[in-house]
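Since the structure comes first, as structure tokens, the remarks are kept for the end.
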Amino acid sequence: MTSPPTIDAARFLDRLRALAGVGRDAQGRLTRLAASDADRAGRDAVAGWMREAGLEVRVDRIGNLLGLWRPEGAQGDPVMIGSHIDTVVDAGTYDGCVGVLAGLAVVEALREAGGRPAHPLAVAAFTNEEGVRYAPDMLGSLVYAGGLAAEAALATVGVDGTVLGEELSRIGYAGPHAPGFLRPRAYVELHVEQGPVLEREGTAIGAVAAVQGISWQEVTIEGAANHAGTTPMALRRDAGVAAARVVTWLRARARAGNGRSVATVGRLRLEPEAINVIPARAVFTVDLRDPDAGRLAALEADLAERLDQVARAEDVAVTVRRLARFDPVAFDPGLVRAIEAAATRRGLSVRRMISGAGHDAQMMARLCPAAMIFVPSAGGISHSPHEHTSEAELVAGATVLLDVVRRLSGPPEEPAE
Ligand code: GLV
Ligand code: MN
Ligand code: MN
């Protein structure tokens, strides 16, 4: 290196603010669902910044956006840095975007310092990480890692009845490259923690050693519509009541485990949805998570049993559709140690942790050594417009990312740890 590389904090944070402005509605709420018009606008901005940074922009068949830097003399597979820019509904501005834009900042820092990395570098923005519009979540990185065929993924029907492949074509991001066309030698992702641990402890950096398991299901309960005024309580087949029993049971079951289980019903729809009609149908989603594979499986088995009981007790029919299922994932121990060492060298406090949220890194771990860097989330809040991480914390995270990537991509005298 001719000069030590440093993150251009102003440029990184300016872009983060600019991206945060893409996809706001008239009320100012940010929603940039995968393969939507807002996503196209966000992708256009990121692709533009990638080109400005001198990267070759590539899009694969599932819409993953990749920026590649092949410095002169660099050889072999690239070191990949990535995350996503799709969001949940009424989202915050850090989830995913921080990882993509920090990746770009890292590559620019290395380029502008005049370095000659031994290996190429790639920055990735994966399609549909959030899974709000199309299930499963982490879909783009799952396909990239070979866990789901591109054809099947492209045929996915969204909650709004759209087909992912058609929407990607419509927004101009159905690319020609086969997912996985760049096989990374290592993958590193910076992300906001989205939980309370780092802030509570006053720790600057999380070295993420694992991601907990995730199970998503859609439950449909069929009862019978009838008159709300004339139908005696004993004669009802009320799908709404049956759904409510499952919702409250889920909370009690997750709490009773006395472990790390969490359970959420985030979507619930009743039909025909009228004040004086007994609900004929209830459709709701169940999000179950646990860091332990056995406990997650037990939670799923107990839910199945409970659904049977409720079906009998309420005289309703229950069907279940699986939307996503991922076991817990352990990251590469050497890479986790490299993150800890990089933080310590920068004088930043660091702790190992398990991610409660799902991330593209857990899919990329199927392909290559992968790990994640977390920075604190104020109040542990995420998937909310109140999501916040300070500028100093973001730059600290990006700096650790830079150091880790520099060592991974460095000349032979700077081997990866
Ligand atoms: C992704 O954000 C998730 O639901 O964990
Ligand atoms: Mn995310
Ligand atoms: Mn998210």
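Numbering of ligands and ligand atoms starts at 1, following listing order.
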### Query
For the residue pair Phe126 and Tyr187, does the interplanar ring angle fall in the parallel (under 30°), tilted (30 to 60°) or perpendicular (over 60°) class?
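Taking Tyr187 first and then Phe126, their aromatic rings sit tilted (interplane angle of 30° to 60°).
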### Task
Would you mind telling me if ligand 1 is within reach of the side chain of His383, the backbone, both or neither, using heavy atoms under 4.0 Å?
side chain
### Chi angles and distances behind the side chain to side chain contact (heavy atoms under 4.5 Å, CB included) call for Met363, Phe326
CA-CA 9 Å; Met363 300 306 164; Phe326 302 116; 3.4 Å; yes
### Query
More than 12 non-hydrogen atoms from neighbouring residues, nucleotides or ligands closer than 6.0 Å to CD on Gln27, yes or no?
yes
### Query
Does any donor atom in the side chain of Ser384 or Glu387 lie under 3.5 Å from an acceptor atom in the other side chain?
no
### For Ala357, the ligand 1 atoms whose distance to one of its heavy atoms is below 4.0 Å
5 (O)
### Message
Which of the numbered atoms in ligand 1 are under 4.0 angstrom from any heavy atom belonging to Gly358?
### Response
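By the 4.0 Å cutoff, the relevant atoms are 1 (C), 3 (C), 5 (O).
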### Query
Does ligand 1 have an atom under 4.0 Å from some heavy atom of Arg289?
yes
Test: [X] and [Y] ion pair at under 4.0 Å:
X	Y	result
Glu222	Arg237	no
Arg345	Asp403	no
Arg253	Asp302	yes
Asp77	Arg183	no

### Query
What is the total of protein N/O/S atoms that are closer to the Mn ion (ligand 2) than 2.8 Å?
3
### Message
On a heavy-atom basis, I'd like to know which of Met138, Glu130, His191, His84 is closest to atom 1 (C) of ligand 1.
### Response
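Looking at heavy atoms only, the winner is Glu130.
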